[in-house]
Asks: 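Below is the structure I would like to discuss, written out as structure tokens.
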Amino acid sequence: MKMTQLLLPTEREAPADAQALSHVLGVRAGLIRQLGAGLWTWLPAGWRVHSKVTTIIREEMDAIGAQELLMPIIQPRELWQKTGRDKIDELFSLQDRKGAELVLAMTHEEAVTFHVSQIVRSYRDLPLMLYHLQLKARDEPRPRAGVLRTREFIMKDSYSFDRDQDGLEHSYQLHIEAYDRIFDRSGLEWYRVESDVGVMGGSGAHEYMAPCPAGENEVALAPGYAANVEVASAEPAPAKLPPRLGEPRELPTPGKQTIEDVSVALELDPSALLKAFPVVAASGKMVLAMVRGDHRVNEFKLRAALGEPFRPATEEEITDSLGPVGYIGPVGAELPVLLDTAVADQDGEWVVGANRPGAHLAGVAPGRDFAFESADIRSVEAGDLVGGQPIRLEAAIEVGNIFKLGTRYSEPLGATYLDEEGKETPIVMGSYGIGPARIAAAAIEQNADEKGISWPKSIAPWQVELIGLGKSGTPEADAAEALYAELQAAGVDVLFDERDAGPGEKFTDAELLGCPLRLTLGKRSLESGALEVQQRSGLSELPAIALGDQTVAAVIAALAELK
RNA sequence: CGGGGAGUGGCGCAGUCUGGUAGCGCACCCGGCUGGGGGCCGGGCGGUCGCAGGUUCAAAUCCUGUCUCCCCGACCA
């Protein structure tokens, strides 16, 4: 591609409202432009990146025997009513001219299951894996960070259909292998982490996380361990408890309602206090969840422990059933107490609210002074141990997820088959997503420097950028033109900057755009008889390549050396 | 949805408080010079100041309403 024919609107300055690196550089390098909130156009160079990512995805999905198809984004609402997903706030809704209710698909479980339910009749038709690359639309409450969280985006989603749980495990394992290869080949640093299965149930899920500063998620990492903080479990540092009292003793704490205030007033470490978190479950049951004062309740874990969604209790509910907000505790409470394992597993006495204004109880021992059930309901903290190793927390963006659905969709949509005994059985499903745009954005975030982007070779818009110096008609410009033609003929993925512009402008743009290998041909090159070669990563100079019969072969060899 | 901020030429911004001929840098167009890190000289094009209504002799500027976008949080299969 010749630069003069390319729509590549590079910008010297960052858009004023951009924060995330992938947003700033995506716009400055001329890859993407915004149309509205969470609505982005991929310009030619950016679309090349996107296409390279989707090509890798297709190759690896095909390699595990998945078949590509294409399903509509506009779908009858009725289908979504059958699975109950028509209630989701993020679902875009519309009507046609006849008033028929339609939705814009957020994913395609309903559609693919609908088809499979009609087509698949026998156990002989299974297993089956289907995928497509299609737009998803989500009415996000808050799109942000350029292309990282948008209202419309292309997603690769695949679906597996098996006879039973064992079959699902196998399909799931195939996807793990394919996904590992996809993210490796895309040049990302990534982790496969355990994730929350969410309210939809299912028997297991993993997320693929790419660490980057603009990431919206946090992952807990230790040698041999990686999990979304939503589900991560680790061993906490022990609470720093004062000497035992042997029985509860009331202490006056007027005006001290927060963990911090109470711990300062009593001269205790926050871990010596228990934090009470009253919640009301969807069924109406009220529960007093308790964690250590220095810990935080993890909503995902708590929901899992309760077995149903919940909301925090209102101030009125708290006052009616316990005591004044700021002084509530488990002793004498009429509510079931759900105590975090970090507390339940340590023998000792803690400080809790006395359920009376201006008072706390010290010397309270779980079990002796109040009954409880225990569960892991706290969020891990940096420094907690897993297998004796401290964990660290890192921001990351979710670039893919894999999910064991079970019969969540096959049952409501009637996707069944007849087994060997002629018995009607629901199909066991899995679903697997990847966001190519997020892969591109994560690659920018992970590899950028102060000059611009530094693409992994596999997904760079072009692998090579050839910069021709000197205005057209000069010998050096002619030589550059000739070299470009030879590179093209040899199948090299090359962008040729033959603009009538100054060298500074060309170099700066090349560094912004971030093609892995830069070739420079100017008057100086003709004098020395060699082409200058620089790799974008680290901006380090590589050995010059002699101009002549072997130039193209040498360029291809230099390219092969790059990661 | 709560909090904060912003809409003035393609981009980045000033001007708004204190109403009086719409400006600057970059980009763009023409001519010339320069030609290995966004170079120089000269001449140009381009904006009903987000939108609607109001106040006024006069509104980018004051008032009312409204739309859009961004950031933090909530939310997020």
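Letters go in sequence order (proteins before strands), and every chain restarts at 1. What's counted below: heavy atoms across the whole structure, side chains too, no hydrogens, waters or symmetry copies.
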Asks: Under the salt bridge (Lys or Arg N to Asp or Glu O under 4.0 Å) rule, collect the residues that match up with A/Arg144, sequence neighbours excluded.
Replies: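 Salt bridge (Lys or Arg N to Asp or Glu O under 4.0 Å) check on A/Arg144 returns A/Glu216.
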Asks: Output the rounded distance in Å from CZ (A/Arg524) to P (B/G37).
Replies: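 Rounded to whole Å, this separation is 8 Å.
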Asks: Per the side-chain hydrogen bond (donor to acceptor under 3.5 Å, both in side chains) rule, what does the pair list look like for residues 507-522 of chain A, sequence neighbours excluded?
Replies: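 The answer is A/Thr10-A/Asp509, A/Arg499-A/Asp509, A/Glu511-A/Arg518, A/Arg518-A/Gln534.
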Asks: Taking CE from A/Met106 and C1' from B/C76, how many angstroms apart are they, rounded to a whole number?
Replies: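 Between C1' of B/C76 and CE of A/Met106: 9 Å.
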Asks: Which residues satisfy the ring pair (Phe, Tyr, Trp, His ring centres under 6.0 Å) test with A/His132, sequence neighbours excluded?
Replies: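 Residues passing ring pair (Phe, Tyr, Trp, His ring centres under 6.0 Å) with A/His132: A/His108.
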Asks: Which donor-acceptor pairs under 3.5 Å do side chains of residues 473-480 of chain A form with protein atoms, sequence neighbours excluded?
Replies:
from: A/Thr474; atom 1: OG1; to: A/Lys471; atom 2: O; distance (Å): 2.8
from: A/Thr474; atom 1: OG1; to: A/Ala477; atom 2: N; distance (Å): 3.3

Asks: Please find the pair of heavy atoms, one from A/Trp455 and one from A/Cys515, that lie closest to each other, and give the distance.
Replies: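 Taking A/Trp455 first and A/Cys515 second, the nearest heavy atoms are CD1-N, 4.5 Å.
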Asks: Taking only the P atom of each, what is the distance from B/C67 to B/C29 in whole angstrom?
Replies: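 40 Å, rounded to whole Å.
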Asks: I'd like to compare against my own output: the B/S/- annotation of nucleotides 68-75 of chain B with a strict under-4.0 Å heavy-atom distance to protein.
Replies: -SSSBBBB
Asks: Could you tell me how far apart A/Asp139 (CG) and B/C1 (P) are, to the nearest whole angstrom?
Replies: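 Spelled out: CG on A/Asp139 to P on B/C1 is 11 Å.
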Asks: Look at all strands and tell whether A/Glu13 reaches a base, only sugar-phosphate, or nothing, counting heavy atoms closer than 4.0 Å.
Replies: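 Base, at least one base heavy atom under 4.0 Å.
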Asks: Provide the Watson-Crick or G-U wobble partner of B/C49, both distances under 3.5 Å; none if there is no partner.
Replies: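 Per the H-bond distance test, none.
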Asks: Measure CD/A/Glu11 against C1'/B/C13 and give the value in whole Å, please.
Replies: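 So the CD-C1' distance, A/Glu11 to B/C13, works out to 14 Å.
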Asks: Could you check how far CG of A/Leu521 sits from P of B/G37, rounded to whole Å?
Replies: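 Between P of B/G37 and CG of A/Leu521: 16 Å.
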Asks: Suppose you measure atom P in B/A59 against the same atom in B/C76; what distance do you get, rounded to whole Å?
Replies: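 Per the computed distance, 49 Å lies between those P atoms.
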Asks: Checking A/Arg33 now: which residues fulfil salt bridge (Lys or Arg N to Asp or Glu O under 4.0 Å) with it, not counting sequence neighbours?
Replies: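 Salt bridge (Lys or Arg N to Asp or Glu O under 4.0 Å) list for A/Arg33, sorted by chain: A/Glu11.
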Asks: Counting only distance, no hydrogens or angles, is the base of B/G37 paired donor-acceptor with the side chain of A/Arg518 under 3.5 Å?
Replies: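 Checked by distance alone, the answer is yes.
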Asks: Here's a test for you: under side chain to side chain contact (heavy atoms under 4.5 Å, CB included), which of A/Arg438, A/Arg149, A/Met209 qualifies with A/Ile397?
Replies: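 Single side chain to side chain contact (heavy atoms under 4.5 Å, CB included) partner of A/Ile397 among A/Arg438, A/Arg149, A/Met209: A/Arg438.
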Asks: Expressed as a whole number of angstroms, how long is the span from A/Arg28:CZ to B/A27:C1'?
Replies: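 Between C1' of B/A27 and CZ of A/Arg28: 14 Å.
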Asks: Which of residues 499-513 of chain A have a heavy atom under 4.0 Å from RNA chain B?
Replies: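 Here the set is A/Asp500, A/Ala501, A/Pro503, A/Gly504, A/Glu505, A/Phe507, A/Thr508, A/Asp509, A/Glu511.
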Asks: Sequence neighbours excluded, which residues qualify as salt bridge (Lys or Arg N to Asp or Glu O under 4.0 Å) partners of A/Glu109?
Replies: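 For A/Glu109, the residues satisfying salt bridge (Lys or Arg N to Asp or Glu O under 4.0 Å) (neighbours in sequence not counted) are A/Arg85.
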Asks: Between B/G50 and B/U8, how many Å separate the two P atoms, rounded to a whole number?
Replies: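 After rounding to an integer number of Å, I get 6 Å for this pair.
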Asks: Does the side chain of A/Ser160 pick up a donor-acceptor pair with the side chain of A/His175 at under 3.5 Å?
Replies: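 Their side chains do not contain a donor-acceptor pair, so the 3.5 Å distance test is not met.
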Asks: Measuring only the C1' atom in each nucleotide, how far is B/G15 from B/C62? A whole number of Å is fine.
Replies: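 B/G15 and B/C62 have their C1' atoms separated by 16 Å.
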Asks: Applying the Watson-Crick and G-U wobble criteria at under 3.5 Å, what pairs with B/C62? Answer none if nothing qualifies.
Replies: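 B/C62 is paired, partner B/G54.
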Asks: Who are the salt bridge (Lys or Arg N to Asp or Glu O under 4.0 Å) partners of A/Arg142, not counting sequence neighbours?
Replies: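 With neighbours one apart ignored, the set is empty.
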Asks: Write down the partner of B/A74 under the Watson-Crick or G-U wobble criteria, each distance required to be under 3.5 Å.
Replies: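 No nucleotide pairs with B/A74.
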Asks: Taking the P atom in each of B/U16 and B/U21, what is the distance between them to the nearest angstrom?
Replies: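 My reading of the P atoms in B/U16 and B/U21 gives 13 Å.
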Asks: Pairing check on B/C17: which nucleotide meets the Watson-Crick or G-U wobble criteria with it, both distances under 3.5 Å?
Replies: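 Result: none.
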Asks: Using the C1' atoms only, state how far B/G47 lies from B/G37, rounded to an integer number of Å.
Replies: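 That atom pair is separated by 34 Å.
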Asks: Considering Watson-Crick and G-U wobble pairs with both distances under 3.5 Å, what does B/A6 pair with?
Replies: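 Matched B/A6 with B/U68 under the 3.5 Å cut-off.
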Asks: Could you pull out the closest heavy-atom pair between A/Val229 and A/Asn298, with the gap in Å?
Replies: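 Reported closest heavy-atom pair: O-ND2, 3.0 Å.
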Asks: Write down the distance between CD (A/Glu476) and P (B/G35), rounded to a whole number of angstrom.
Replies: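 Going from CD in A/Glu476 over to P in B/G35 covers 11 Å.
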Asks: Which is true for A/Gly470 with a 4.0 Å heavy-atom rule: it touches a base, it touches only sugar-phosphate, or it touches nothing?
Replies: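 The answer is nothing, as A/Gly470 stays clear of every strand by at least 4.0 Å.
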Asks: Distance between the C1' atoms of B/A52 and B/A60, in whole angstroms?
Replies: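 It comes out at 16 Å once rounded to the nearest Å.
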Asks: Heavy atoms only, 4.0 Å cut-off, all strands: where does A/Thr474 land among base, sugar-phosphate and nothing?
Replies: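 No contact.
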Asks: Determine the Euclidean distance between corresponding C1' atoms of B/C51 and B/C45; express it in Å to zero decimal places.
Replies: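 That atom pair is separated by 27 Å.
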Asks: Hunt down the Watson-Crick or G-U wobble partner of B/C24, both distances under 3.5 Å, from any strand shown, or write none.
Replies: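 Per the H-bond distance test, B/G12.
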Asks: Expressed as a whole number of angstroms, how long is the span from A/Glu218:CD to B/C76:C1'?
Replies: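 Atom-to-atom, A/Glu218 to B/C76, this comes out as 16 Å.
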